[in-house]
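Bear in mind the structure is a predicted one, so any value in this text is a computation, not a measurement.
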Amino acid sequence: MVSLPSIRTQLLASSHTFVQAVFDLAGRLVPADAQRGTTGSKDFNDPIWKVIALDGAELDICELPLMQRMRRVRQLGLGYLVFPSVQHSRFEHSLGAVYAATRMFDQLARGAKNARETELEGLFRTVRLAALMHDCGHPVFSHVGERVLGHLYAAEFRAIAAQLNALFPDPLMDSLQIGQQTSPKEPAAAEVMAALFLLSEPMERLLSDCVPITGVPWPQA
């Protein structure tokens, strides 16, 4: 398994200036003095899913500037200018993603007859954290800002995306290559930014403390 420091070195080699700038930004958005291991949990009232529960470690992540800024990033970009009621944020969407991912994991776990409970619990923690932070790379105005970034730094994003595809190959691509050669999908700018934030040293340090103590039990059949 390739270590995270090695992955960061390879990414820096692909686009040194841009990747370094994002890693530096991660140091401000994931501060070293961020809370770790808060006890207890919190219920969020959601208009779609009703109640979404997060545990202490997940709440610590929600309190990061990286996540809190998403309260000011509208899910549908500039859509509110045409549809005034479209006001929900990427933060709200991320909470809903946690709930939806939990339900999907529950169904898959019920069919994993040969999997050990400890393996399922570890995967459950990872899936919830991935859902919670999957949009952390979105810029202001969401996809509108993303297209601006993708245009201004097109070469950098292509180089980083190629490196990410090489480091983390999509296991579904083999099943799609039936009789023809299919090129890997190029990640969107926000996905590239999210990947860089999550692979940064400050995030590695935080997650190494948070993940082992994530206390939400995976749903039992």
In this structure, would Leu152 and Phe141 fall into the same cluster of hydrophobic residues linked by side-chain contacts under 4.5 Å? no

Step by step, work out the side chain to side chain contact (heavy atoms under 4.5 Å, CB included) result for Gln163 and Ile7. CA-CA 9 Å; Gln163 192 67 46; Ile7 289 174; over 6 Å; no

Per side chain to side chain contact (heavy atoms under 4.5 Å, CB included), Val192 is matched among Tyr153, Phe197, Phe157 by Phe157

The salt bridge (charged side-chain N to carboxylate O under 4.0 Å, His left out) partners of Glu204 (sequence neighbours excluded) come to Arg8

Point-to-point distance, once rounded to the nearest 0.5 Å, from CG of Asp60 to CG of Leu54: 11.0 Å

No-hydrogen, no-angle side-chain donor-acceptor test under 3.5 Å, His134 and His93: yes

For the residue pair Leu167 and Gln10, what are the closest heavy atoms and their distance? CD2-OE1, 3.5 Å

Here the gap from Glu191 atom CD to Leu196 atom CG, rounded to the nearest 0.5 Å, amounts to 12.0 Å

Would you say the side-chain atoms of Ser142 and Arg90 include a donor-acceptor pair closer than 3.5 Å? yes

Option among Thr102, Asn45, Leu95 that satisfies the side chain to side chain contact (heavy atoms under 4.5 Å, CB included) test with Ile52: Leu95

Is the positively charged end of Arg128 above the ring of Phe105, judged by distance under 6.0 angstrom from the centroid and angle within 45° of the axis? no

Does this structure show an ion pair linking Asp106 with Arg110, if we count only N-O contacts that are shorter than 4.0 Å? yes

Hey, what do you get for CG (Leu66) to CG (Leu25), rounding to the nearest 0.5 Å? 8.5 Å

Could you go step by step and tell me if Gln75 and Ser89 meet the side chain to side chain contact (heavy atoms under 4.5 Å, CB included) rule? CA-CA 5 Å; Gln75 174 74 11; Ser89 69; over 6 Å; no

Dump the intermediate steps for side chain to side chain contact (heavy atoms under 4.5 Å, CB included) on Met67 and Leu132, then the final yes or no. CA-CA 9 Å; Met67 299 295 293; Leu132 182 61; 4.0 Å; yes

Smallest separation among heavy atoms of Pro187 and Ala161, with atom names: CD-CB, 3.4 Å

